[in-house]
Amino acid sequence: MKGFLDSLADLKSQGHTLVGCFPLYPPLELLHSFGLTPVVLWGLRQDITRLTRSDRHLQPYACGVARCLSEFVLSQGGEFLDAIFMYNACDTLRNLPEILQSGLEQDGSSLPLFRLHIPAVPINPPSASNYLEDQIWELTKELKKFTGRSFSGPAFLNSTVLYNQQRMLIGELEHLAATGRLGFADCADIVLSAGRMPVSDHIALMEHTIRDAANRTPGEPAARIMLSGILPPPAALLDVMEQAGLMVVANDLAAMRRSYGYLPAASSDPGAYYEDLYSNHHPCTTILPSADRRLEHIMKTARENTVQGFIFVGEKFCEYEYFEIPIIAQMLAAEGVRTLELEIGIDDTLNLDAHRTRIEAFAEMLRQETGRSRRDKDAV
Amino acid sequence: MPSDHIQGGFRKNTSGKRLSTMIMNDYLDLHRRASEGAFVVWIAIIVPAELFSGFENVVYGVPESHAALCAGKGAGPVLCEKAEGFGYSTDLCSYARIDIGTAFDGGKDSPTFGLPRPDLIISNNNNCSLLVKWFDVYHRAWGVPHLVLDIPFCYENQKDRDFRYIMDQFGTLISTIEEMSGQRFDRDKARESVRLSSEAMKEWKRFLGFAAHRPSGITAFDSFVQMAPILTSRGTQRLVDHYRLLADETEEQVKNGIFPVPDEKYRLLWDNIAPWHQLRKMSGRLAGLGANITSASYTYCIGALEGEYDPYEFDGNDPLAWLARLQNFSVCPHGLNLRRKAMKEVIERNAIDGVVFASNRSCKVYSLMQMDQMRYIREELGIPCVMIDVDHADVRKYSEEAAFTRLEALLEMIDA
Ligand code: SF4
Ligand code: SF4
């Protein structure tokens with residue numbers, strides 16, 4: 001599958017107006033309804049091999065997502081993007097817009113910027129929902145100015161239907177991976193490609209893949225694992241997991257399940273739609289009011305999928321994730337689920353040996369435990 | 001050298017001694033009232049503590065302030081290690097690690113024996129959202145309710161819409177405490193508390209103003225130490241009295257020719273949280289080089305609106321409105337342009353020769369704008385700058401020699 005930059009080059013040559021959205025959960029439907037093509041600026045690590053521009057603006061302890069995103073916007077944003085969108089997803093991202101704008105200015109270029117503050121409190125009290133709705137309408141005005149098109153309820157409804165279709169198909173794709181009919185690495189690759197192609201193309205790609213994979217024979221894992229983190233680990237590590245007999249039967253990855261796990265009701269009213277989406281969002285450590293639900297959700301998912309091992313792929317310097325992991329590990333341990341914590345730094349795509357060894361040891365431990373529990377059952 | 005001054009700062013004068021007593025009493029009082037049944041709230045530093053004065057018997061503890069105190073007293077590493085032992089990453093903010101280490105080990109190794117267990121935890125997300133995650137740790141461990149104030153980040157001055165949104169949330173905060181504690185909120189009492197805070201901030205700014213004198217009447221290290229009661233005694237007459245005394249005493253010293261760095265050659269500005277574990281060492285060593293860090297963004301922002309320096313005065317009307325408007329009184333919730341504006345003003349007011357950007361991996365929100373801020377100060381204002389690595393509370397992540405190599409290079413740049 002094409003990488004990020006090649007995909008964007010194709011889209012540009014096809015005449016798309018590209019809005020580079022900061023992760024994690026931007027209001028894609030709204031941008032789409034104005035005829036724009038939103039692309040989500042994460043998963044760039046394969047394409048961004050050097051951080052020369054970003055290093056002039058960000059210290060090395062910014063997470064890899066932010067550094068790659070910055071490098072891309074500063075070095076190639078002007079070439080590929082027509083605008084940027086950001087919301088208060090996390091402290092690091094909220095610091096970036098002016099840094100990027102000032103970096104672009106230094107090169108004599110600029111990009112229009114759209115911003116949104118998504119309430120970090122439950123959206124049900126009227127003050128938070130009014131606040132969100134106000135901003136959504138203000139954003140529509142800015143988009144109108146930018147595109148020259150008026151907001152259209154039917155167009156928005158159509159976008160919400162499309163994005164919901166995408167969410168459902170991603171669910172099916174992940175299910176195929178969970179039953180061993182599709183490699184998780186391939187599944188992750190396809191899901192992540194959502195961020196760099198028009199939603200309708202992505203739907204077509206998934207329909208095709210699902211048709212192909214549906215009739216394959218389910219696989220038999222040596223151990224069933226759940227993957228958690230912001231991004232899926234590099235493909236090389238997913239290969240190591242697969243070779244070690246670990247099957248990803250569920251995931252709590254921000255770029256996968258957390259992004260697509262909740263299906264809001266399709267609507268022609270963006271205020272109501274985003275209130276629903278962000279209030280009931282699949283739990284994520286960055287959606288602050290969902291944090292309590294997240295713990296329950298992880299436990300429930302682990303139980304329902306008879307997960308034996310939980311692999312946390314920490315994005316180095318992402319504090320949100322690291323605050324929650326001790327309690328998650330504790331709760332899982334109480335239910336007999338083992339946790340392996342990996343940390344992926346910006347340079348780790350090159351040096352994965354240490355991770356490889358730990359994954360193999362973890363798989364071995366899970367295999368032994370599975371063998372032991374089978375023997376115990378046989379003895380009974 | 002005058003007997004009441006150590007070279008490089010650190011007043012052994014009346015306000016210095018009064019400060020220690022005041023902080024000690026604040027913590028003792030907090031523990032005592034909590035044990036006598038007061039409703040205990042833990043808050044983030046920006047949460048408007050003045051509102052608690054509107055209740056009969058609500059006391060508050062500030063985990064960030066407690067962590068700073070621990071770091072200043074040398075307990076940072078041992079408490080950080082405890083948190084790390086509980087599974088918390090070394091990359092997390094050292095305030096959080098110190099406080100988690102304290103809270104989960106019953107207050108052992110903390111100079112204040114930690115804080116009394118809360119009935120309610122209140123955080124906000126404009127200084128940083130990780131604070132919400134940090135407070136969530138206690139919420140989960142102890143089942144204590146956690147209320148979050150969602151305060152939008154400021155790329156420009158607070159918008160009307162944001163102001164109204166904050167006011168609504170203050171309403172929720174008050175009704176939550178009323179329901180949980182069974183106490184009624186008295187707006188007049190809160191108004192009086194706000195009046196006192198505003199009064200205290202004027203005195204605070206008067207004290208900081210002596211950094212404009214040549215040689216400077218203060219060091220930023222004085223201001224780091226002296227800011228503590230803003231967090232523990234907010235909205236009280238004793239805070240007003242203390243800062244008045246501090247400003248009066250400083251004025252007197254300046255009149256009498258008593259200066260922390262009498263042979264001051266370099267006037268510097270510090271950008272980031274105080275290096276709590278280095279206050280004495282750093283100020284003393286710099287003074288030996290004729291350098292005085294006279295000003296700090298960490299302390300000059302207090303009491304002012306976004307991008308401003310002068311205190312935002314209370315007009316005597318709605319106390320909630322004053323508090324809501326002042327919800328961004330620290331640097332972290334400010335965008336780059338606001339940070340530049342305030343720093344430019346202080347550089348000009350205080351005739352700053354050089355700026356020290358303390359790059360602090362523990363506090364990304366403060367630090368991840370510094371490279372552009374530094375470029376602006378150096379290139380647009382023509383002021384030499386340097387960046388050093390400092391963790392504000394975890395001394396294990398600080399190298400004095402590496403820092404001083406750069407600081408000395410800064411002084412050379414100024415000389416050049
Ligand atoms: S990885 Fe974490 S810190 Fe980095 S952009 Fe994502 S949420 Fe923010
Ligand atoms: S990250 Fe910075 S702003 Fe947040 S709690 Fe730590 S020191 Fe304070």
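What you see below is based on every heavy atom in this structure, not just the backbone, and it leaves out hydrogens, waters and symmetry mates. Proteins get letters first, then strands, A, B, ... in listed order; numbering begins at 1 in each.
In this structure, SG on B:C332 lies 9.0 Å from CG on A:D91, to the nearest 0.5 angstrom. If you take CG on A:N95 and CZ on B:F153, they are separated by 5.0 Å, rounding to the nearest 0.5 Å. Between the NZ atom in B:K133 and the CD atom in A:E324 there is a gap of 3.5 Å [rounded to 0.5 Å]. Here the straight-line distance linking atom CG of A:N88 with atom CD1 of B:I151 works out to 12.0 Å at 0.5 Å rounding. Rounded to the nearest 0.5 angstrom, B:T90 OG1 and A:Y322 OH are separated by 9.5 Å. Summarising the geometry, atom CE belonging to B:M369 is positioned 8.5 Å from atom CG belonging to A:L96; distances are rounded to the nearest 0.5 Å.
Between B:L368 and A:Y61, the closest heavy-atom pair is CD2-CE1, 4.0 Å. For B:G87 against A:P326, the heavy-atom pair with the smallest separation is O-CG, 3.3 Å. Contact between A:R94 and B:N127 at its shortest, heavy atoms only, is NH2-O, 3.0 Å. Between A:A120 and B:D150 the shortest heavy-atom distance is N-OD2, 3.1 Å.
Contacts of A:D292 with chain B are made by both backbone and side-chain atoms, with heavy-atom separations under 4.5 Å. For A:L295, the part lying near chain B is the side chain, with the backbone staying farther off; criterion is any non-hydrogen pair under 4.5 Å. Only the side chain of A:R115 has a heavy atom closer than 4.5 Å to any heavy atom of chain B. In this structure, the portion of A:H117 lying under 4.5 Å from any heavy atom of chain B is its side chain and not its backbone. In this structure, no portion of B:M167 lies under 4.5 Å from any heavy atom of chain A. Interface remark: B:R97 contributes no atoms to any contact with chain A (heavy atom separation under 4.5 Å). Heavy atoms closer than 4.5 Å to chain A are found in the backbone of B:S362, but not in its side chain. At a 4.5 Å heavy-atom cutoff, the contact between B:N125 and chain A is made by backbone and side-chain atoms alike. Looking at B:L147, there are no atoms closer than 4.5 Å to chain A (heavy atoms on both sides), in backbone or side chain. Looking at A:A128, the atoms closer than 4.5 Å to chain B (heavy atoms on both sides) sit in the backbone and in the side chain alike. Only the backbone of B:F86 has a heavy atom closer than 4.5 Å to any heavy atom of chain A.
At least one side-chain heavy atom of A:V121 sits less than 4.5 Å from a side-chain heavy atom of B:Y165. In this structure the side chain of A:S102 reaches within 4.5 angstrom of the side chain of B:R340, judged on heavy atoms. Proximity of B:W134 to A:E319: side-chain heavy atoms (C-beta onward) are nowhere separated by under 4.5 Å.
Heavy-atom proximity under 4.5 angstrom to chain B picks out A:T285, A:L288 from residues 275-290 of chain A. The contact list for residues 131-138 of chain A toward chain B, using heavy atoms and a distance under 4.5 Å, reads A:Y131, A:D134, A:Q135, A:E138 by residue number.
The environment of NZ in A:K141 is sparse: at most 12 heavy-atom neighbours from other residues, nucleotides or ligands sit within 6.0 Å. Residue-environment remark: CZ (B:R140) exceeds the threshold of 12 foreign heavy atoms within 6.0 Å.
Between chain A and the options B:R161, B:Q169, B:M374, heavy-atom pairs under 4.5 Å are most frequent for B:R161. Highest contact tally toward chain A, considering only B:V148, B:V137, B:N337, B:L130, is held by B:L130 [criterion: heavy-atom pairs under 4.5 Å]. Ranked by heavy-atom pairs under 4.5 Å with chain A, the list B:V365, B:D168, B:T172 is led by B:V365. With chain A as the partner, the residue from B:H139, B:Q373, B:R164 showing the most heavy-atom pairs under 4.5 Å is B:H139.
Side-chain N or O atoms of B:R375 include one that pairs as donor or acceptor with a backbone N or O of A:R56 at under 3.5 Å. Judged by distance alone, the side chain of A:Q59 and the main-chain N or O of B:S367 form a donor-acceptor pair under 3.5 Å.
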Given B:L338 and A:E98, is the side-chain contact (heavy atoms from CB on, under 4.5 Å) satisfied, shown in steps?
-> CA-CA 11 Å; B:L338 292 171; A:E98 289 168 306; over 6 Å; no
Give the intermediate values and the outcome of side-chain contact (heavy atoms from CB on, under 4.5 Å) for residues A:F323 and B:I100.
-> CA-CA 11 Å; A:F323 266 111; B:I100 290 172; 3.9 Å; yes
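Between B:D91 and A:K316 a salt bridge is recorded (basic side-chain N to carboxylate O distance below 4.0 Å).
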